[in-house]
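The structure appears below as structure tokens.
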Amino acid sequence: MAGPPSYKAPTGTHDVLPPQSGRWASLIARFAAAAGRAGYGLVVNPVFEDVEVFRRVGEGTDIVRKEMYEFEDKGGRRLALRPEGTAPVVRAFVQHRPPVPWKVWYAAPGFRYERPQAGRYRQHHQLGVEAIGSADPDVDVEVVALAWRFLAGLGLQRTILLLNSMGDPESRAAYVEDLRAFLRGRRAELAPEDREKVDDHPMRVLDSKRAATRAVTREAPRISDHLTPSATGHFSRVQAGLSDLGVPFALEPRLVRGLDYYTHTTFEIQSSALDAAQNALGGGGRYDGLVEALGGPPTPGIGFGIGIERVLLACDAEATFTVGDARVDAWVIDVTGGAAARALTHELREAGVAADRGFDDRSMKAQMKAAGRSGARVALIVGEQEAASSTVTLRDLATSEQRTIARADVVAEVRAALDKEPR
RNA sequence: GUGGCCGUAGCUCAGUCCGGUUAGAGCGCCAGGUUGUGGCCCUGGAGGUCGGGGGUUCAAGUCCCCUCGGUCACCCCA
């Protein structure tokens with residue numbers, strides 16, 4: 001293409017700007033607080049990993065088969081941008097071998113090369129936790145409840161929690177055989193697009209949205225009928241625990257989720273407020289074989305990921321968790337050249353008062369206009385008269401009342417006007 | 001990867017079907033009305049290669065082809 005360069009954020013990516021970014025930041029802060037209260041510490045992983053880290057996690061999944069951002073660095077290493085959050089955390093666990101249970105949370109971007117649509121992006125952001133090293137069903141309960149309570153705490157009400165168990169590997173192997181046999185017998189009734197999945201990935205057929213397929217899978221064998229006694233025991237204890245905490249859930253035997261590594265508990269939280277096709281706000285499950293697959297000792301684990309963009313979309317749809325105005329307390333106006341504004345804003349900020357000012361030595365009118373637009377509660381005005389008498393005019397921008405105060409009393413007067421405690 | 005719809009000022013859009021002088025509106029921005037005072041009002045101004053390229057034509061924002069981008073959906077997922 002000719003002409004001057006005209007750059008845009010790459011397809012499927014977005015800039016998050018004020019004031020929306022304020023909401024973004026506060027969402028993460030809330031999650032950090034919730035996870036912190038539950039004993040989870042922050043983990044920060046690299047945004048790219050050896051491509052094998054992700055391959056080991058799901059050879060057969062679309063995520064690794066066709067959606068990974070893979071590249072070779074200048075040293076010839078094969079790397080990939082993280083398509084999901086669990087694998088890097090598990091890799092870090094295997095590398096550092098922290099004491100268990102290891103409970104961590106993260107807020108990180110995920111990258112998948114796919115066509116964007118409402119609620120789906122090439123770079124999206126996830127909030128998540130991982131609890132590695134305990135097979136206790138109470139860990140499942142804690143993790144699921146954390147996700148549920150976090151979303152409820154934002155004011156989201158039109159959410160449903162879907163719960164299923166994939167069982168242990170023996171349960172699962174037996175079930176897959178049974179399901180495959182069933183689907184082969186009914187193959188002709190399936191939607192054409194789903195027929196080819198029957199042989200290689202029969203469980204993928206279960207989450208098809210096509211009506212013809214769903215009619216068949218309604219009658220398909222259920223994994224709950226194939227669970228070993230111990231897997232059934234684990235799952236019942238999870239359900240009992242959730243009920244005990246008042247977390248409502250619906251059993252969904254067809255919930256298999258996209259990643260191959262899940263065992264036992266899997267769950268997904270959907271929003272019925274989103275009319276978009278992508279209505280899963282988050283999901284996760286247990287992955288008792290994953291640590292071993294990445295070279296560690298046999299170690300159980302469970303976690304979830306919540307999509308920040310989708311949660312915010314759901315909040316929009318339910319008109320909750322709205323953008324808070326990031327207002328400053330005071331606006332400093334200086335028509336004597338700017339030195340007074342420089343000193344005053346600095347002094348106020350040092351004293352803990354949020355203060356801002358205009359630049360470029362603009363007219364009184366222009367500076368007042370900026371002050372009004374900023375949403376500040378008070379304006380501090382320094383003109384020739386104030387400068388000459390070591391005073392400042394303090395104006396309440398809501399009531400338009402103003403009075404002249406001594407320059408030396410500015411911090412105290414502003415604090416009083418804002419009803420703010422000294423720091 | 002496949003399909004539908006859409007690309008005109010910073011934003012939201014009119015104008016495109018039936019081609020015709022300097023491409024418009026609202027909002028926002030800047031300035032003035034008020035030589036020290038915001039929000040309301042009035043006046044004025046800046047800002048556009050009509051996504052890009054090619055073609056048809058005396059003439060293209062408008063018609064044709066290609067291309068890029070956006071959006072929604074499928075596959076699948078957060």
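Since the model is a prediction, treat every value here as computed from it, not as a measurement.
- Across the strands present, B/C58 finds its partner in B/G20; the criterion is a Watson-Crick or G-U wobble pair with both atom distances under 3.5 angstrom.
- From A/His14, atom NE2 reaches atom OH of A/Tyr121 across 5.5 Å, with rounding to the nearest 0.5 Å.
- Taking 4.0 angstrom as the limit, A/Thr11 places a side-chain polar atom (N or O) nearer than this to OP1 or OP2 of B/G70.
- The C1' atoms of B/G53 and B/A60 are separated by 15 Å, rounded to the nearest whole Å.
- A/Asp288 places no side-chain N or O within donor-acceptor distance of the main-chain N or O of A/Pro300, the cut-off being under 3.5 Å.
- Nucleic acid contact for A/Glu114: base, since at least one base atom lies under 4.0 Å from a heavy atom of the residue.
- Residue contacts for A/Ala191: at a heavy-atom cut-off of 4.0 Å it reaches no nucleic acid atom on any strand shown.
- Using a 4.0 Å heavy-atom criterion, one finds that A/Gln402 contacts the bases of the nucleic acid, with or without backbone contacts as well.
- Counting distance only, with no hydrogens placed and no angle test, the side-chain atoms of A/Arg115 and the base atoms of B/G70 include no donor-acceptor pair under 3.5 Å.
- At a cut-off of 3.5 angstrom, counting only N and O atoms as typed in the model, there is no donor on one side facing an acceptor on the other between the side-chain of A/Ser363 and the base of B/G36.
- In this structure, B/C27 forms a base pair with B/G10, meeting either the Watson-Crick or the G-U wobble geometry with both donor-acceptor distances under 3.5 Å.
- Relative to the side chain of A/Ala366, the nucleotides B/G38, B/A31, B/G36 differ in distance, and B/A31 lies closest.
- A/Arg210 comes within 4.0 angstrom of sugar-phosphate atoms only, judged by non-hydrogen atoms across all strands, and of no base.
- Across all strands shown, A/Arg122 has no heavy atoms under 4.0 Å from either base or sugar-phosphate atoms.
- A donor-acceptor pair shorter than 3.5 Å can be found between the side chains of A/Thr213 and A/Asp194.
- B/U21 and B/G7 have their C1' atoms separated by 27 Å, with the value rounded to a whole Å.
- Between A/Met68 atom CE and B/C76 atom C1' there is a gap of 15 Å when expressed in whole angstrom units.
- Side-chain atoms of A/Arg254 and A/Thr217 include a donor-acceptor pair closer than 3.5 Å.
- B/G38 atom P lies 17 Å from atom CG of A/Leu380, rounded to whole Å.
- Between atom CZ of residue A/Arg362 and atom NZ of residue A/Lys369 there is a gap of 8.5 Å, rounded to the nearest 0.5 Å.
- Distance, A/Tyr113 OH to B/G1 C1': 9 Å, rounded to whole Å.
- Contacts of A/Ala280 with the nucleic acid, taken as non-hydrogen atoms under 4.0 Å apart, involve only primed sugar atoms and P, OP1 or OP2.
- Nucleotide B/G38 holds its P atom 17 Å from the CG atom of A/Leu394, rounded to whole Å.
- With B/A31, B/A78, B/C76 as the candidates, the nucleotide lying closest to the side chain of A/His124 is B/A78.
- Along RNA chain B, the nucleotide nearest to A/Gly383 and the one nearest to A/Gly283 differ in position, and the one closer to the 5' end is contacted by A/Gly383.
- Interface remark: the A/Gln367 side chain does not form any donor-acceptor pair with the B/G36 base, using a distance-only criterion of under 3.5 Å.
- Contact annotation: A/Arg373 side-chain N/O to B/C30 OP1/OP2 distance is under 4.0 Å.
- Among the heavy atoms of the strands, none lies under 4.0 Å from A/Glu268.
- Between A/Ser134 and A/Asp136, the side chains place no donor N or O within less than 3.5 Å of an acceptor N or O (distance only, hydrogens not considered).
- A distance of about 12 Å separates the C1' atoms of B/G24 and B/G61, rounded to the whole Å.
- Nucleotides B/G10 and B/G33, compared at atom P, are 29 Å apart to the nearest Å.
- Considering only side-chain atoms of A/Thr393, the nucleotide from B/G39, B/U71, B/G36 that sits closest is B/G36.
- When heavy atoms are screened at a 4.0 angstrom cut-off, A/Ile308 is found touching no nucleic acid atom at all.
- Pair assignment for B/U34: none, as no Watson-Crick or G-U wobble contacts are both less than 3.5 Å.
- Taking 3.5 Å as the limit, the base of B/G36 and the side chain of A/Gln385 contain a donor-acceptor pair of atoms between them.
- Distance check on atom P: B/C42 versus B/G48 gives 26 Å, rounded to whole Å.
- Following rounding to the nearest Å, A/Glu401 (CD) and B/G38 (P) show an atom-to-atom distance of 17 Å.
- The same atom, P, is picked in B/C27 and in B/C66; the two are 41 Å apart, to the nearest Å.
- Atoms CG (A/Leu397) and P (B/G39) sit 12 Å apart, rounded to a whole Å.
- Taking the six-membered ring for Trp and the full ring otherwise, the centers of A/Tyr262 and A/Tyr287 sit at least 6.0 Å from each other.
- Between the C1' atoms of B/U71 and B/U34, the separation comes to 48 Å (whole Å).
- Each of A/Lys197 and A/Gly12 was assigned the nucleotide of RNA chain B with the nearest heavy atom; the assignment lying further toward the 5' end belongs to A/Gly12.
- Pairing of B/C76, defined by two Watson-Crick or G-U wobble distances under 3.5 Å, is not identified with any nucleotide.
- As rounded to the nearest Å, B/C5 and B/C65 have P atoms that lie 13 Å from one another.
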Every protein N/O lying under 3.5 Å from an N/O of nucleotides 5-13 of chain B:
none

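- Comparing B/C72, B/G38, B/U37 by their nearest atom to the side chain of A/Ala118 picks out B/C72.
- Contact annotation for A/Gly110: no contact, since no heavy-atom pair falls under 4.0 Å across all strands.
- The side chain of A/Gln278 contributes no N or O atom lying less than 4.0 Å from OP1 or OP2 of B/C76.
- Phosphate proximity of B/C72 to A/Gln117: absent, as no side-chain N or O sits under 4.0 Å from OP1 or OP2.
- Taking a cutoff of 4.0 Å between a charged side-chain nitrogen and a carboxylate oxygen, A/Glu130 and A/Lys103 do not qualify as a salt bridge.
- A donor-acceptor pair shorter than 3.5 Å cannot be found between the side chains of A/Thr266 and A/Asn164.
- As rounded to whole Å, 6 Å separates atom P of B/G38 from atom CE of A/Met368.
- Nearest to the side chain of A/Arg362, among B/G36, B/A31, B/C76, sits B/A31.
- Residue contacts for A/Gly119: at a heavy-atom cut-off of 4.0 Å it reaches a base atom on one of the strands shown.
- The partner of B/C50, taking Watson-Crick or G-U wobble pairs whose two distances both stay under 3.5 Å, does not exist in any strand shown.
- In this structure A/Glu196 satisfies the side chain to side chain contact (heavy atoms under 4.5 Å, CB included) test with no other residue, sequence neighbours excluded.
- Rounded to whole angstrom, the span from the CG atom of A/Asn279 across to the C1' atom of B/A73 amounts to 14 Å.
- Between A/Tyr69 and A/Phe111, the two ring planes are perpendicular [angle over 60°; tilted spans 30° to 60°].
- Using a 4.0 Å heavy-atom criterion, one finds that A/Lys369 contacts the sugar-phosphate atoms exclusively.
- Between A/Trp24 and A/His125, the distance separating the two ring centers is shorter than 6.0 angstrom.
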